[in-house]
Amino acid sequence: DAKTTQPPSMDCAEGRAANLPCNHSTISGNEYVYWYRQIHSQGPQYIIHGLKNNETNEMASLIITEDRKSSTLILPHATLRDTAVYYCIVSVWGYSTLTFGKGTMLLVSP
Amino acid sequence: DAGVTQSPTHLIKTRGQQVTLRCSPKSGHDTVSWYQQALGQGPQFIFQYYEEEERQRGNFPDRFSGHQFPNYSSELNVNALLLGDSALYLCASSSGSGTAFFGQGTRLTVV
């Protein structure tokens, strides 16, 4: 079973920030938080990952709470092309085996 | 850099037949993992290959087997196909301790 809990769906207006939450209350000290997204019928796309510090790259920001039991993926200016299923996954670094849940379906609307 | 490439993109097979799917990893990657994604579900881990050996395996029957070649490319074989094997099959590659990157998948339909 997936070790994360995500809302099944979320809506966001184009141009606004999309904040996708994830709970991972049983995360271990050596597990990272990874985010992937999957646009319909395509392979999952890596977005970002982190251990305990907040991370930012050209796609998104990842905010991890101090107790590491939850995190938020932030897409700062959502576009229609960001409509996808977003998966939050916890995994040990170097293990590279991912356990997917059902993710959050993000719908970005004009 | 070509990224992870999979072939074929689509195929249709009949129940009882055998199928082979292929994956070329991203340049510099030596580890290949295979996933099965049924409609409406998240990907499920099948197995992982490293140094031409199966390093990990998920909860899949022995009908599912694989191989990794010296150039790190990999094949997934499924024997005695069932209707329930219809799915999107995804290949992901990584370096030994790095982030996994996925290909676009092979859509298998069993009729």
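By convention in this document, chain letters (A, B, ...) are assigned in the order of the sequence lines, proteins followed by strands, and residues within each chain are numbered from 1. Excluded from the calculations below are hydrogen atoms, water molecules and symmetry mates; all remaining heavy atoms, backbone and side chain alike, are included.
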Take atom [atom1] of [X] as the centre, draw a 6.0 Å sphere, and report whether it contains more than 12 heavy atoms from other residues, nucleotides or ligands.
| X | atom1 | value |
| --- | --- | --- |
| B:Leu39 | CG | no |
| B:Arg63 | CZ | yes |
| A:Asp67 | CG | yes |

For a quick test of reading the model, state the closest non-hydrogen atom pair linking A:Tyr87 to B:Gln37 and the distance between them.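 That would be OH-NE2, 3.5 Å.
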
Item to complete: Provide the closest heavy-atom pair for B:Leu90 versus A:Gly43 in the form atom of the first, atom of the second, distance.
Response: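 Smallest interatomic distance, heavy atoms only, reads CD2-CA, 3.8 Å.
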
**Prompt:** When heavy-atom pairs shorter than 4.5 Å are enumerated against chain A, which of B:Cys91, B:Pro43, B:Gly40 gives the highest number?
**Reply:**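 Most heavy-atom pairs under 4.5 Å with chain A: B:Pro43.
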
What distance do [X] atom [atom1] and [Y] atom [atom2] have between them, rounded to the nearest 0.5 Å?
| X | Y | atom1 | atom2 | value |
| --- | --- | --- | --- | --- |
| B:Arg57 | A:Thr97 | CZ | OG1 | 13.0 Å |
| A:Tyr36 | B:Thr99 | OH | OG1 | 5.5 Å |
| A:Ser41 | B:Gln104 | OG | CD | 10.0 Å |
| A:Gln38 | B:Leu88 | CD | CG | 7.0 Å |

Linking I/L/V/M/F/W/Y whenever any side-chain heavy atoms sit under 4.5 Å apart, do [X] and [Y] land together?
| X | Y | result |
| --- | --- | --- |
| A:Ile48 | A:Val90 | yes |
| A:Leu73 | A:Val33 | yes |
| B:Val78 | B:Leu21 | yes |

Can you confirm whether A:Leu98 sits close enough to B:Phe102 that some side-chain heavy atom of one is under 4.5 Å from a side-chain heavy atom of the other?
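A side-chain contact under 4.5 Å exists here.
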
_What part of B:Gln44 gets within 4.5 angstrom of chain A, counting heavy atoms only: side chain, backbone, both, or neither?_
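Answer is side chain: those atoms of B:Gln44 sit under 4.5 Å from chain A.
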
For A:Gln45, is it the side chain, the backbone, both, or neither that has a heavy atom closer than 4.5 Å to a heavy atom of chain B?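 A:Gln45 has no heavy atom closer than 4.5 Å to chain B.
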
